[in-house]
Each structure stands twice: as structure tokens, then as C-alpha cells.
Amino acid sequence: MNGGLLVAGTTSDAGKSVVTAGICRWLVRQGVKVAPFKAQNMSLNSFVTREGAEIGRAQAMQAQACRVEPTALMNPVLLKPGGERSSQVVLLGKPVGEMSARGYHGGRQRELLGTVLDCLAELRATYDAVICEGAGSPAEINLRRTDIVNMGIARGARLPVLVVGDIDRGGVFASFFGTVALLSPEDQELVAGFLVNKFRGDVSLLEPGLDMLHGLTGRRTYGVLPFRHGLGIDEEDGLRVSLRGTVRESSTAPPVGADVLRVAVCAIPLMSNFTDVDALAAEPGVVVRFVDRPEELADADLVVIPGTRGTVRALQWLRERGLADAIVRRAAEQRPVLGVCGGFQLLGEHIEDDVESRLGHVAGLGVLPVRVRFAREKTLTRPVGEALGERVEGYEIHHGVADVTGGEPFLTDGRGHPLDGCRVGQTWGTHWHGSLESDGFRRAFLREVAAAAGRRFVPAADTSFAALREEQLDRLGDLIEQHADTDALRRLIESGAPQGLPFIPPGAPA
């Protein structure tokens with residue numbers, strides 16, 4: 001095989017990421033050397049590659065579906081929103097500045113088309129197949145002129161396009177037809193057909209509509225994927241614990257101990273890498289929920305303050321909501337609190353921020369002896385250390401530099417030398433994302449939380465977060481293998497869009 005495919009969608013959240021990962025896992029099980037690609041991603045959930053590049057977590061998970069190491073080539077442009085109208089632009093894994101939406105779409109985006117096409121070409125020269133993911137909808141006619149992630153990349157690389165529609169939302173036939181009908185003749189030539197996602201019921205009842213759609217558009221449907229709970233991989237955005245649904249579905253064993261452990265995650269503004277708590281939700285007997293009111297912390301055994309793209313803004317939000325006072329009281333009462341990255345920074349004494357918020361000196365919550373200064377250079381690393389006698393792996397993505405002036409180090413190098421973070425009593429803070437995915441450390445940490453909370457909770461001895469992820473990706477591959485026309489899909493990837501596809505009027509507006 002030597003080909004490629006662009007998985008587009010009728011809408012955001014139609015299932016592009018899931019379908020892309022599923023196709024990747026199906027192909028790699030067929031012995032195909034495959035890689036994922038997304039030219040431009042907008043997400044606050046990101047990951048650090050081994051070479052120290054920041055990419056979207058969805059592409060890192062898709063790389064895992066391909067059983068390859070993720071690289072910056074797989075997501076050359078990452079936009080990290082910092083507000084309603086501006087984002088940090090990360091190019092080939094490194095931040096290059098803040099830019100307004102108007103400034104980016106007004107010219108900067110189009111300038112990047114050559115860069116993303118070069119990255120895609122390099123991947124295609126290395127792998128048998130590259131499965132690309134689009135963004136939003138290819139029929140966003142207001143953005144087509146500068147598009148580099150949907151039809152722009154498809155036209156530039158001559159990729160066939162498969163359009164995914166979420167039938168659970170309703171209106172999927174109109175969405176399929178309208179998506180094609182709003183594209184130019186040149187773009188329509190590459191749209192090979194459709195894939196229905198999240199169907200419930202008897203497929204035979206859907207088939208007359210698929211036949212009519214084929215008659216109207218001249219394009220076939222490559223499969224109908226059934227609705228399955230908990231199939232999401234690491235999300236681009238939204239508020240979802242991506243593995244929790246699957247874990248709750250697949251795990252029938254009751255909690256090991258007599259009690260459950262309740263975890264409350266503060267849903268702070270511009271929350272980033274909230275996927276950190278997936279590993280907690282993977283434990284039998286751990287109940288994870290997102291909260292935004294102080295009374296919701298009352299019965300929590302552990303409060304988690306996750307990462308954020310706006311530490312000072314999150315701190316202000318916590319104070320406005322009354323959550324800040326509740327967290328300070330918890331810390332004084334020796335009730336467990338964990339801050340990760342931005343959540344760690346706001347637990348400190350003060351923050352000097354001339355980078356993110358540009359508000360200068362801001363008082364923190366003062367529960368950890370830490371002073372934070374925001375540096376212009378972003379820290380992007382994949383560290384390894386030890387905590388609570390267990391090996392810990394993680395990744396760092398932050399501008400804040402922490403000066404720890406007391407307490408105990410949270411993570412060490414195994415010889416007692418501090419690496420990161422701080423602990424005072426039952427309040428912990430760390431810059432390391434992903435640390436709870438280290439099974440031994442997670443169990444040790446939960447045992448400490450349970451003891452402090454007075455809960456008879458016991459972590460399961462055999463929960464493997466990595467194995468659960470693999471199980472998840474195999475389920476996605478099974479969906480494609482069992483419910484898509486894989487022979488036709490393989491021909492599409494190898495040979496491109498069929499010749500002579502009809503034009504559907506009116507086409508793109510002049």
C-alpha cells in the first residue's frame with residue numbers, strides 16, 4: 001500500500017478522531033505501516049513527543065493506534081485558545097506567538113500550507129499509508145480561501161475524502177448532501193463518499209436512505225458504525241473524561257475495598273489536559289466528577305485542580321465562585337488536594353505573570369510554599385522520576401517556573417534529589433501531566449488519599465492503564481473491521497477518489 005485518506009466531518013464532534021484512530025488500528029493489524037496526520041488542531045489537550053515537541057493529544061493517541069511514536073510531523077500546527085478571540089500558535093511543536101483569529105485566518109494560516117504539505121509528504125515517504133483528520137466541516141465556506149486542514153490539504157496532496165456524519169444528532173442525510181453541494185467542483189472531485197457514525201437500530205431501515213443519497217450524489221456510503229458508549233479517545237476539546245465510559249462499561253468487578261473514593265475535579269476556565277484524571281477513573285471504586293460550586297467539594301475525598309491555559313484567570317474564577325476559600329479550608333483541615341500544572345501554580349503564594357495574563361504580581365491561594373514566575377520560553381519535556389517509592393513518568397507543558405521554598409518535594413530522582421512539585425500535609429502540587437498513568441504510583445497515591453479521607457478504599461492490584469488504552473483502540477479497530485466495507489476503503493486509500501464523480505449544484509459561492 002502507498003496511499004492516504006482525509007477523514008472529514010459534517011460537523012465538529014462527528015467522530016473524525018475516533019474514525020481516524022479506528023482506521024489506523026485496522027490497517028496496522030493488516031500489516032500496514034501507517035501514521036496519523038492533522039495539519040491544524042485547535043485544542044487545550046496536548047502532549048509532548050520524545051523530541052520535545054508539543055502536539056494535540058488526539059494525534060498522540062492516533063499514533064498509539066498505529067503503534068508508532070508520535071512526532072511533530074503528525075500535527076504541524078496546534079492552536080491553543082487563550083480566550084474567545086486569540087490563541088497561542090504552536091508550529092512544529094514550538095510556540096511562535098499569540099495571534100487573534102482574524103490575524104490568523106487573515107493571512108498567517110495560508111502561509112503555512114507549504115509547511116503542512118511538506119510534513120505530510122515526509123510522512124508519506126516513510127509510511128505505507130497516512131490517515132489524515134480534518135477539522136470542523138470542509139464546507140465552512142467563510143474559511144475555504146485560507147483552509148489548510150480540510151479541502152486545502154486534500155487538494156494540495158490529492159487525497160480522497162471520506163465524510164463522517166453523526167446520525168445520532170439527526171439530519172445526517174441533509175448534512176451529507178449539503179456538505180458536498182457547498183464545495184467547488186474541484187473540491188467535490190475528491191469527496192469519495194460517506195461514513196455514518198453512531199447508528200442505533202436496524203441497519204436495513206437505513207438502507208433506502210443510503211440508496212437515495214447515492215442516487216442524489218453519485219457517492220457511496222462506506223459503512224454504518226453502530227452507537228457504542230465510551231468510544232472516545234483523548235479529546236480535542238469539550239468536557240469529557242475520555243476513558244471513563246469505557247472503563248465503567250467493561251469493568252464488572254465491584255470496588256476491592258469497602259468504600260468508594262470520590263474525586264471532584266474543578267472545571268476551571270481554559271482547562272487543559274483534563275485527560276489526566278482518566279487514570280483515576282480507570283480504578284474500580286473511584287468516582288470522578290467535574291464541579292463548579294463550593295458545596296460540591298464537601299463530600300469529596302480528593303479535589304483535583306487540573307491544568308489550564310490561563311492560570312491567573314482560573315484563580316480569579318475560583319475566588320469568584322467561592323471555590324478558592326473551600327480549597328484553602330480543605331488544605332488547612334488536611335483533606336487531600338492535588339494541583340496539576342496550572343492547578344499547582346495557583347496553589348502557591350504568588351504568581352509573576354507577564355506572559356499569559358500580563359497582570360504582573362498576583363497573589364495565589366497560599367497553601368503551598370511556592371512562588372511562580374512565567375517565562376517566555378515554554379518547558380516541554382518527558383521526565384521520569386519517583387514518588388511514594390514508585391517510578392513515575394510524565395510530561396511537562398508550561399511557561400510557569402516554580403521556586404519551591406519549603407515543604408517536601410513531590411517527585412524526586414530516586415536518590416532523594418527533588419525534581420518537581422511540592423507537598424505540604426495532604427496538599428500536593430506538580431507540573432507533571434500524565435503521572436497518574438503510572439500504575440504503581442497511582443495506587444500508592446490513592447492509598448494515601450484513602451487513609452487521609454478515612455475511607456476503606458483499596459486500589460485494584462491489576463488495573464493497567466496502558467492495557468485499557470490498548471483495549472480501547474482495539475475496539476475502534478473492530479468497529480471499522482466489522483461495520484465498514486474494508487475492501488472498498490482499502491481501494492480508496494490506495495487508488496484515490498473514483499473518477500467521474502458528479503458535480504452537485506450549487507457548489508461553493510463565487
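Below, each value reflects all heavy atoms present in this structure, side chains not excepted, and no hydrogens, waters or symmetry copies. Start at 1 with the first residue, then count along the sequence. Please read all numbers here as calculations on a predicted model, not as lab measurements.
- Residues that satisfy the side chain to side chain donor-acceptor pair (under 3.5 Å) test with Arg169, not counting sequence neighbours, are Asp13, Asp166.
- Arg382 meets the salt bridge (charged side-chain N to carboxylate O under 4.0 Å, His left out) test with Glu69; sequence neighbours excluded.
- The side chain to side chain donor-acceptor pair (under 3.5 Å) test applied to Asp292 returns no partner, not counting sequence neighbours.
- Checked against salt bridge (charged side-chain N to carboxylate O under 4.0 Å, His left out), Glu448 has the following partners two or more places apart in sequence or in another chain: Arg423.
- The list of side-chain hydrogen bond (donor to acceptor under 3.5 Å, both in side chains) pairs with a residue in residues 299-309, not counting sequence neighbours, reads Glu98-Arg309, Arg289-Asp299, Asp301-Arg455.
- Residues satisfying the salt bridge (charged side-chain N to carboxylate O under 4.0 Å, His left out) criterion with Glu470, sequence neighbours excluded, are Arg25.
- Here Glu140 pairs with nothing under the side chain to side chain donor-acceptor pair (under 3.5 Å) rule; sequence neighbours left out.
- Legend: residues meeting side-chain contact (heavy atoms from CB on, under 4.5 Å) with Val172, ordered by chain and number and at least two apart, are Ile167, Phe176.
- Here salt bridge (charged side-chain N to carboxylate O under 4.0 Å, His left out) pairs that include residues 348-370, with residues two or more places apart or in two chains, are Glu349-Arg371.
- Applying the salt bridge (charged side-chain N to carboxylate O under 4.0 Å, His left out) test to Asp403 and every residue at least two apart in sequence or in another chain returns nothing.
- With sequence neighbours left out, Thr49 forms a side chain to side chain donor-acceptor pair (under 3.5 Å) with Glu51.
- Partners of Arg330 according to the side-chain contact (heavy atoms from CB on, under 4.5 Å) rule, which considers only residues two or more places apart in sequence or in another chain, are Ala300, Val303, Arg335, Pro336, Val337.
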